[in-house]
Amino acid sequence: MITIEKARETIVSRITPLPSEKIPLEQALGRYLAEDIVSQMDIPSWNNSAMDGYAVRVTDIPHAGVRLGIAYEIPAGSLPQGPFPEGSAVKIMTGAPVPPGADAVVKREDTIESEGAVIVNIVPKKSDHIRFAGEDIAKGDLILQKGTLLEAAHIGLLASLRRVMVLCSQRPTVAIIATGNEVADLDEELTENKIPSSNSSTLTSLVRQLGAIPLYLGIARDTKAGLRDKFEQASRADLILTSGGVSMGDYDVVRDVMTEGANSVEFWQVRMKPGKPLAFGIINGIPAIGLPGNPVSTMTSFDQFARPAILKFMGAQTLTLPRLKARLLEAVRGPGDRPHYLRGVLKRCGDELCVASTGPQGSGILSSMARGNCYMIVPEGHRILEQGDLIECEVFHASW
Ligand code: AMP
Ligand code: MG
């Protein structure tokens with residue numbers, strides 16, 4: 001049985017990042033950048049005022065109380081009319097360009113304006129309240145690196161640079177096949193011998209959440225022919241995910257089909273709890289991950305193995321979940337011979353992070369995934385970690 005790390009390495013080594021495509025900026029949220037972005041301009045492009053107030057020359061104001069005539073006004077969106085005479089000021093609004101000759105802005109709160117003149121009640125320093133050209137981004141700066149996940153701020157930066165089109169990695173199509181004679185999709189009648197196919201919904205959602213394209217192919221009944229038929233329908237996918245049918249049972253046929261013809265099984269079973277029965281192989285030339293059927297195992301194994309594969313297709317820089325150390329609020333146990341991925345609730349306790357289990361940890365207890373926000377990992381070689389010990393956690397829910 002191989003380790004989680006070795007299993008992940010093997011899977012990721014069989015994935016080739018997809019080519020890139022140019023897409024409109026407004027469609028780029030959640031996509032991975034496939035080019036380095038170097039600024040062709042200074043941002044801001046010109047010195048501008050950080051305040052509503054008056055543009056001045058500091059040499060004109062040696063002491064508080066100086067009275068300056070107002071030469072003209074620059075609302076935001078207007079350009080300076082030109083130089084202004086010594087001993088005068090220019091009324092300026094936030095964001096408007098600083099007029100030539102001015103070396104500071106005095107904010108309105110520090111002045112009194114009357115009859116076309118302004119009394120300055122402070123002594124300004126050079127550069128006060130001026131936002132200088134290029135202070136956010138200078139021309140030639142490398143601003144965003146290839147492999148960056150584009151979020152709102154990145155999209156805004158690209159808009160500042162007037163990038164209408166942006167090069168992103170293509171999104172992989174991920175075929176999803178549920179297996180089992182006992183599972184029913186939402187459009188099927190739930191007869192008394194059936195359970196809902198929750199894995200169909202969790203897997204479709206997990207794939208979509210990563211920005212990939214789910215291709216749900218329905219339920220294969222527990223026969224080789226049924227499964228073969230689904231694999232045929234997956235021919236245009238970049239990756240195939242199955243759930244269930246990969247254990248020791250008489251009707252667990254996923255591995256059987258993985259060994260037929262030119263197909264191959266690269267490994268079966270991983271040293272982890274939950275999620276031990278996992279198969280990885282190549283089916284009709286497509287990488288295929290046979291995820292275990294128990295709903296928690298399906299999700300845990302997805303996060304450990306399918307997620308990195310999907311992210312590698314998309315050219316992401318980091319493939320694994322973020323890890324944090326947190327103080328245990330209760331003792332937790334592991335099997336000893338393999339790491340235990342318990343579901344936990346991570347939160348702040350004073351000035352450190354702490355974590356508690358979500359409660360019952362059976363691999364069928366899907367509500368533990370819904371209640372939790374992280375995996376708490378009892379490492380291999382440990383049967384117990386005590387309350388107060390530090391434990392490694394992998395965060396799977398962003399809003400903790
Ligand atoms: P299996 O490995 O196929 O024996 O499945 C292990 C357990 O997971 C069984 O209790 C199944 O009923 C359950 N299971 C399998 N597929 C699904 C699914 N699509 N949705 C929910 N539970 C499932
Ligand atoms: Mg089954």
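First listed ligand is number 1; within each ligand, the first listed atom is number 1.
Considering backbone and side-chain atoms together, V183 places no N or O closer than 3.5 Å to any N or O of ligand 1.
Here is the list of ligand 1 atoms found below 4.0 Å of a heavy atom in I195: 12 (O), 22 (N). Residue-ligand proximity, T179 to ligand 1, at heavy-atom distances under 4.0 Å covers atoms 16 (N). Near G244, the atoms of ligand 1 lying under 4.0 angstrom from a non-hydrogen atom of the residue are 2 (O), 3 (O).
Closest to atom 13 (C) of ligand 1, if we only count protein heavy atoms, is G293 O, 3.6 Å. The nearest heavy-atom contact from the protein to atom 19 (N) of ligand 1 is S197 OG, 2.8 Å. Ranking protein heavy atoms by distance to atom 4 (O) of ligand 1, first place goes to D252 OD1, 4.2 Å. Closest to atom 9 (C) of ligand 1, if we only count protein heavy atoms, is E182 OE2, 4.0 Å. When only non-hydrogen protein atoms are considered, atom 18 (C) of ligand 1 lies nearest to N199 ND2, 3.2 Å.
Using a 4.0 Å cut-off between a side-chain N of Lys or Arg and a carboxylate O of Asp or Glu, R31 and E21 qualify as a salt bridge. Residues E35 and R163 are paired through a salt bridge, judged by an N-O separation under 4.0 Å between the basic side chain and the carboxylate. At a threshold of 4.0 Å, the pair R271-E380 counts as salt-bridged, since one of the basic side-chain nitrogens sits closer than that to a carboxylate oxygen. No salt bridge links E189 with K194; every basic N to acidic carboxylate O contact stays at or beyond 4.0 Å.
Side-chain contact, R131 with N48: a donor N or O sits under 3.5 Å from an acceptor N or O.
Heavy atoms of S198 come nearer than 4.0 angstrom to ligand 1 in at least one pair. The closest approach between any non-hydrogen atom of G245 and ligand 1 is below 4.0 Å. For G180, the heavy-atom gap to ligand 1 stays at 4.0 angstrom or more. Under a 4.0 angstrom heavy-atom cut-off, P196 registers as being in contact with ligand 1. Residue-ligand proximity: T298 is placed with every non-hydrogen atom at 4.0 Å or more from ligand 1.
Distance check, rounded to the nearest 0.5 Å: CZ of R343 to OG1 of T358 gives 6.0 Å. Taking OG of S201 as the reference point, atom CG of D185 lies at 7.5 Å (rounded to 0.5 Å).
For an aromatic pair to be called close, the ring centres must be under 6.0 Å apart, and Y375 with F396 satisfies this.
Y72 places a side-chain N or O within 3.5 Å of a backbone atom of G82 that can act as its donor or acceptor partner.
Counting heavy atoms closer than 4.0 Å to ligand 1, residue N294 contributes atoms from both its backbone and its side chain.
Side-chain atoms of L291 and T242, non-hydrogen and from C-beta on, never get closer than 4.5 Å to each other.
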